[in-house]
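Have a look at the structure below before the remarks.
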Amino acid sequence: MLRIDTMSIRRLPAQLVNQIAAGEVVERPASVVKELLENSLDAGANRIEIEAEGGGLRLCRIRDDGCGISPDQTELALARHATSKIESLDDLEHVATLGFRGEALPSIASVSRLTLTTRVAGSDSGWRLQIEGGRASPGQPAAHPVGTTIEVRDLFYNTPARRKFMRTERTELGHLERVARRIALSRFDVAFRMVHNQRPVFDLRPAPDREAMDQRVKEMCGRGFVEEAMFVDQSASGMRLWGWLGLPTFSRAQADLQHFFLNGRMVRDKVVTHAIRSAYADVLYHGRQPAYLLYLEMDPAGVDVNAHPTKHEVRFRDSRSVHGFLYSTVDRSISQTRPGGDHATGQRAPGILAGETTAGQRSISFGVAEPGALTAFDQLAAAPAGIAGDPGAVEDMEYWPLGTALAQLHGVYILAQNRKGLVLVDMHAAHERIVYERLKESIGEGPVRSQPLLVPPTLHVSGVEADLAESRAEDLAQLGFEIRRTGPDTLSVRQAPGLLRDADIESLVRDVLSDFSTLGSSRRVEETVNDLLSTMACHGSVRANRRLTIPEMNALLRDMEETERSDQCNHGRPTWTQLPLDELDRLFLRGR
């Protein structure tokens, strides 16, 4: 074994340097396609064609109608760290292009047989340059329209160790197609066409308006996603979030339909994922994943895109504000998942069906209704005035989203009719959501009420966590904590949220500090309180086999229409479903 101090230091050959870089940038054919498509978009292409053979291992060809490359710069375009996209550190801090390092082409060329053919506007002919394993042949004129074609053949032919890690043609094609589809979703104004083994995979025209955009999303994500999604477009604090949010009922077992683009760049980021997941927390069944296609636009100076070699991960300069904007926007949108959405026209029924409490029923220490007061929640309200005994009023009820109650089935389901057909409601699940939302309202916004701890626990933490607790003392107070530093690596918890007096305070504090460190903010206390309120609401809701009168059922339907997120119970289960008349007609073969 050689001693390190006897080894001489030497400069690596350029070819080996490029192959090392290729190990970071070029993982498989899909990586090649991603880098080349991003270059085409940066070149201003309006149409891009993707052609592949053998899953991309035999051939990846990308043709665009962008600005092209002048002949005297083709060799420079294939040199490492040569780019037209940045010139200074200031440019790097305001990157608006997808690529900027100048590593993709030389890295790809070092592990393949690459041919670059290009032409700029005003030139009589194009120019072709061939490179095999990083060694360039003399360039020569070639016929070519304005734009660029890059042909990559026999990927990893000279690095067999990398080649043997490639999967089957079908698997590699799956990765390649996913990347191509995601990039096609990033730019609706560009046409994309993909062919594999001379067979068309997709052909997308530019989508200049909302209808055309919906059509592209249907082709890329499936018709079911668009039909089960809401479109959002909100701006605040210099940021804009727009796109499609899948309804909670369209949740999936895997996170395979989660697309997020930052200033046109496809990214995976823990701040983004956590914010969106938190917004869905109240409406998703355990273990389910939300589906979404979202676009965040913000000042490029507010994000560092140079945080990872593949540029999939980014670093926000103010992750706290980004997390807050994403969470609040998605949460507000999801809160409209109720019968009729934000177009419900009914008035909330009087009484305590919705869990309304008076000031005398509030707990002074916790700021929420005492458990004893929850016994009142199963007392359903009297019917709204004008319903009972008025046939005309009942007929009008059919215009409400949930219509008018007809009967109760097995003491569990409410049968109702509206203009579309038959409505089925799970009365316990529906009332559980109503009570839960009213309990959250009873706490209100603002600082969480805290309670002194009789025996303050002492936490042994790292010095970094102790510094964080000191610097974020005001934020911790907003969450109901009073934490004092008692040593270089010890903290004493003097006060905690009153509603969570029986919770594991030490673990909660550690989780909050972890969130502060990684996300810039924390919703741990709110989520833990909501878990407790959800349990209280479950016990305070009407039970199965409870017989309800027609006025009581109608009162429950009206409250569902006025309660946020009432399409799902607290555990993410649906609370109601619609059976249209045409489906009922098909069941009984009517009209045949």
Cation-pi between R163 and F156: NZ/CZ under 6.0 Å from ring centre and within 45° of the ring axis?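 Relative to the ring axis of F156, which defines the angle, R163 lies outside at least one limit.
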Measure from NZ or CZ of R113 to the centre of the six-membered ring of Y157 and say whether it is under 6.0 Å with the direction within 45° of the ring axis. yes
SB check [X] [Y] (cutoff 4.0 Å):
{"X": "R573", "Y": "D567", "answer": "no"}
{"X": "E151", "Y": "R153", "answer": "yes"}
{"X": "E172", "Y": "R167", "answer": "no"}
{"X": "D189", "Y": "R187", "answer": "yes"}

Just wondering, are more than 12 heavy atoms of other shown residues or ligands nearer than 6.0 Å to CZ in R210? yes
More than 12 heavy atoms of other groups within 6.0 Å of E297 CD: yes
Pairwise distance [atom1]([X]) to [atom2]([Y]) - rounded to 0.5 angstrom:
{"X": "F316", "Y": "K270", "atom1": "CZ", "atom2": "NZ", "result": "12.0 Å"}
{"X": "R178", "Y": "L173", "atom1": "CZ", "atom2": "CG", "result": "9.5 Å"}
{"X": "E49", "Y": "D64", "atom1": "CD", "atom2": "CG", "result": "10.0 Å"}
{"X": "S186", "Y": "L293", "atom1": "OG", "atom2": "CG", "result": "10.0 Å"}

Judged by modelled atom types alone, do Q289 and Q254 share a side-chain donor-acceptor pair under 3.5 Å? no
Looking only at side-chain N and O atoms, does H144 offer a donor or acceptor that is under 3.5 Å from a partner on T118? no
Before giving the answer on side-chain hydrogen bond (donor to acceptor under 3.5 Å, both in side chains), spell out for Q198 and E53 the whole-Å C-alpha distance, their side-chain angles and the decisive distance to 0.1 Å. CA-CA 8 Å; Q198 287 77 52; E53 294 179 4; 3.2 Å; yes
For a 4.5 angstrom cut-off between non-hydrogen side-chain atoms, does W244 reach D214?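 With C-beta onward as the side chain, the pair touches.
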Walk me through whether S514 and D511 qualify under side-chain hydrogen bond (donor to acceptor under 3.5 Å, both in side chains). CA-CA 5 Å; S514 176; D511 289 342; 6.0 Å; no
side-chain hydrogen bond (donor to acceptor under 3.5 Å, both in side chains) partners for T171, two or more places apart: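 Checked T171 against side-chain hydrogen bond (donor to acceptor under 3.5 Å, both in side chains); matches are T168.
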Checking R523 now: which residues fulfil side-chain contact (heavy atoms from CB on, under 4.5 Å) with it, not counting sequence neighbours? S278, Y327, E526, E527
Angle class for the W242/F188 ring planes (parallel below 30°, perpendicular above 60°, tilted otherwise)?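 Because their plane-to-plane angle lies in the 30° to 60° range, the rings of W242 and F188 count as tilted.
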Quick one: side chains of residues 220-236, donor-acceptor pairs under 3.5 Å with protein atoms, not counting sequence neighbours, listed by atom name and distance.
from, atom 1, to, atom 2, distance (Å)
D233, OD1, R240, NE, 3.0
D233, OD2, R240, NH2, 2.9

